[in-house]
There are 2 protein chains.
Amino acid sequence: MIELEQILKKNNVKPTAMRLLVLQFLLNKKSAISLTDVEDYFVKSDRTTLYRTLKTFVESELAHKIDDGTGITKYALCEENCHCEIETDLHLHFHCKLCNETSCLTDHKIPNISLPKNFIAEDVNLVVKGICNKCNSN
Amino acid sequence: MIELEQILKKNNVKPTAMRLLVLQFLLNKKSAISLTDVEDYFVKSDRTTLYRTLKTFVESELAHKIDDGTGITKYALCEENCHCEIETDLHLHFHCKLCNETSCLTDHKIPNISLPKNFIAEDVNLVVKGICNKCNSN
DNA sequence: TAGTGTATGCAATGGAAGTGCATTAATTTG
DNA sequence: CAAATTAATGCACTTCCATTGCATACACTA
Ligand SMILES: [Mn+2]
Ligand SMILES: [Mn+2]
Ligand SMILES: [Zn+2]
Ligand SMILES: [Zn+2]
C-alpha cells in the first residue's frame, strides 16, 4: 500500500488515512462513484470529510467530476498523466439506464466539435445514455 | 396571437391563458430559459404552475429540457417537426461562462458516436462550455 | 344545470451541494 | 521537547432547486 501513498504524493496531496482509503476505494471501482457511494461504504466517516476528500482529488487532478445528467455528481480517477485537457484527455461518459452505472470510456475521446464563428470552447461534456454491454447481454 | 393557440393545439396541449403566455415568452427568447427565469417574469403566477407548464411542454414535445451542467434545468422550444430523435433532432448546446446564457446550436447536430461492442445509445447530451460570440467580441 | 376532469395555487417535502466553526491531528519552529 | 502554526476532520446548519399532495377554481360535456 506504499503505492497509494506514492500516488497521492505525486499529486501533492498529503496522504492521510482517509484519503488513502478513499483512493483505494476508487481504484477498486471500474465505474464512476457518487459521494453517497463513498458515504455508504465508509459509514463511520463524516460525509463532509469524504466530500472534501473527493474535492481535493479533483483539484489536484487525481480524479475528475462527471455530470452524467442524473443530477448526482460522479467521480472517477483520472488516467495516468491526465490533466483534463479538452483535446487530449476529455472522453465520453456512458450512463446505463438499467444498472444505473456511469463509466468512463477513456478510449473514446471527445470528437472535434465545430462551433460557429467567434465561439470559444473551453470545456466539453459528452454523455451517452442507454444500455451498457453488461445489461445488454442479459 | 391565434398562432400561439395553433401551436399548442397541434401538440395536443390545451391552450390555457398561462400556457399561451409562457409559450409567447419562450418564443421571444433566443437562448434557453430556466424555471426561475419564467418565474421572475410572471411574478403573479405560481411557481408550480409554471413548472408544470414547462413540464407539459416537454412531454408534448413542444420544448426540450437542457442539462447544461450548471445544475439548473433549462428549457427551449423545439424546432418545427422535432421529436427529439437521437439522429435527427438532438443538437449541441453551448453554455457561455461569461454571460451565463445557454443556447441551442440547432445547426450543429450531435456527431455520430462510436460505442464499444454491445452498448446501445438511446440519448446523447453534448454541451460545450466557453465564451459565446457576443461575449467574445467585447 | 349538474357532474366530471383538468388546471391552478399554496404549502410542504426531499435530495444534494456547500459553508461556518469548533476540535483534533500533524507539522514547523524556537 | 514545548509552543505555535497550519492542515484535516466532524458536526450542524444553510441554500438551492426539483418535485409532490391536496384543496380549490375553472372548463367542458352530458
Ligand atoms: Mn471519465
Ligand atoms: Mn436545444
Ligand atoms: Zn448497465
Ligand atoms: Zn456569452
Side-chain angles (χ1 to χ4, degrees), chain A residues 4-5 7-9 11-26 32-60 62-76 95 100 102 125 127, chain B residues 4-5 7-9 11-26 32-60 62-76 95 100 102 125 127:
Chain A
L4 292 175
E5 284 203 29
I7 296 176
L8 291 182
K9 282 179 181 171
N11 288 63
N12 300 310
V13 176
K14 284 189 196 172
T16 67
M18 203 61 250
R19 286 170 179 171
L20 289 167
L21 289 168
V22 173
L23 176 59
Q24 177 120 67
F25 180 72
L26 277 165
I33 53 99
S34 67
L35 173 57
T36 306
D37 291 334
V38 189
E39 199 187 346
D40 290 346
Y41 188 79
F42 298 104
V43 279
K44 311 194 66 173
S45 325
D46 185 72
R47 218 191 83 250
T48 312
T49 304
L50 298 169
Y51 167 74
R52 286 197 265 238
T53 298
L54 292 172
K55 192 181 179 191
T56 300
F57 284 4
V58 170
E59 284 167 354
S60 44
L62 208 65
H64 58 280
K65 258 181 166 174
I66 304 167
D67 174 9
D68 61 8
T70 59
I72 297 162
T73 305
K74 305 287 166 59
Y75 301 86
H95 177 76
N100 211 32
T102 298
N125 188 29
V127 180
Chain B
L4 292 175
E5 284 202 31
I7 297 176
L8 291 182
K9 282 179 181 169
N11 288 65
N12 300 311
V13 176
K14 284 190 196 169
T16 68
M18 202 64 251
R19 286 169 179 172
L20 289 167
L21 288 168
V22 173
L23 177 58
Q24 175 121 67
F25 180 72
L26 277 165
I33 54 99
S34 67
L35 172 57
T36 306
D37 290 333
V38 190
E39 199 188 350
D40 289 346
Y41 189 79
F42 296 105
V43 279
K44 309 194 71 174
S45 327
D46 186 71
R47 179 188 174 75
T48 313
T49 304
L50 298 169
Y51 168 73
R52 286 196 267 236
T53 298
L54 292 172
K55 193 181 178 189
T56 301
F57 284 4
V58 170
E59 284 167 356
S60 43
L62 207 66
H64 57 281
K65 258 181 165 174
I66 304 167
D67 174 9
D68 61 7
T70 59
I72 298 162
T73 305
K74 304 288 165 59
Y75 301 86
H95 176 75
N100 213 31
T102 298
N125 187 30
V127 179

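Here is how names work: the chains are called A, B, and so on, in the same order as the sequence lines, proteins then strands, and each is numbered from 1.
The side-chain hydrogen bond (donor to acceptor under 3.5 Å, both in side chains) check on N100(A) picks up H95(A), with sequence neighbours excluded. Residues satisfying the side-chain hydrogen bond (donor to acceptor under 3.5 Å, both in side chains) test with T53(A), not counting sequence neighbours, are none. Here D37(A) pairs with S34(A) under the side-chain hydrogen bond (donor to acceptor under 3.5 Å, both in side chains) rule; sequence neighbours left out. Residues meeting the salt bridge (Lys or Arg N to Asp or Glu O under 4.0 Å) test with K55(A), sequence neighbours left out: none. Judged as a side-chain hydrogen bond (donor to acceptor under 3.5 Å, both in side chains), and not counting sequence neighbours, the contacts of T70(A) are D68(A).
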List the atom pairs, donor and acceptor, that lie under 3.5 Å between side-chain atoms in residues 40-50 of chain A and the rest of the protein, sequence neighbours left out.
{"residue": "D46(A)", "atom": "OD2", "partner": "T48(A)", "partner atom": "N", "Å": "2.8"}
{"residue": "D46(A)", "atom": "OD2", "partner": "T48(A)", "partner atom": "OG1", "Å": "3.0"}

Using a 3.5 Å cut-off and no angle test, enumerate the donor-acceptor pairs between side-chain atoms of residues 13-23 of chain A and protein atoms at least two apart in sequence or in another chain.
{"residue": "T16(A)", "atom": "OG1", "partner": "R19(A)", "partner atom": "N", "Å": "3.3"}
{"residue": "R19(A)", "atom": "NH1", "partner": "K14(A)", "partner atom": "O", "Å": "3.0"}

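Between T16(A) and dT9(D) there is a side-chain polar atom (N or O) within less than 4.0 angstrom of OP1 or OP2. Phosphate proximity of dG18(C) to Y51(A): present, with a side-chain N or O under 4.0 Å from OP1 or OP2.
Computed from coordinates, the L8(A) CG to dA7(D) C1' distance equals 15 Å when rounded to whole Å. Rounded to whole Å, the distance from CD1 on I33(B) to C1' on dC17(D) is 15 Å. Atoms CG (L54(A)) and C1' (dA16(C)) sit 14 Å apart, rounded to a whole Å. Here dA8(D) presents its C1' atom at 14 Å from CD of E59(A), a figure rounded to the nearest Å. With rounding to whole Å, E39(B) atom CD is found 13 Å from dG9(C) atom C1'. Put simply, CG on L23(A) is 16 Å from P on dA8(D), counting in whole angstrom units. Look at OH on Y75(B): it is 10 Å from C1' on dC17(D), rounded to the nearest Å. Put simply, CG on D37(B) is 11 Å from P on dA18(D), counting in whole angstrom units.
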Any N/O pairs under 3.5 Å between the protein and nucleotides 24-27 of chain C? List them or say none.
none

What are the atom names and distances for every N/O pair under 3.5 Å that joins the protein to nucleotides 10-13 of chain D?
{"residue": "dG10(D)", "atom": "OP2", "partner": "T49(A)", "partner atom": "OG1", "Å": "2.9"}
{"residue": "dG10(D)", "atom": "O6", "partner": "R52(A)", "partner atom": "NH2", "Å": "2.6"}
{"residue": "dC11(D)", "atom": "N4", "partner": "T48(A)", "partner atom": "OG1", "Å": "3.3"}

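Checking dA18(D), dT8(C), dA8(D) against every side-chain atom of I72(B), the shortest atom distance belongs to dA18(D). Candidate nucleotides dA17(C), dA7(C), dT9(D) were compared by shortest atom distance to the side chain of T73(A), and dA17(C) ranks first. When the nucleotides dA8(D), dT20(D), dT8(C) are ranked by their closest atom to the side chain of R19(B), dT8(C) comes out on top.
Using a 4.5 Å cut-off on side-chain heavy atoms (C-beta onward), K65(A) and Y75(A) make contact.
Listed for the N125(B) side chain is a donor-acceptor partner under 3.5 Å among the backbone atoms of D67(B).
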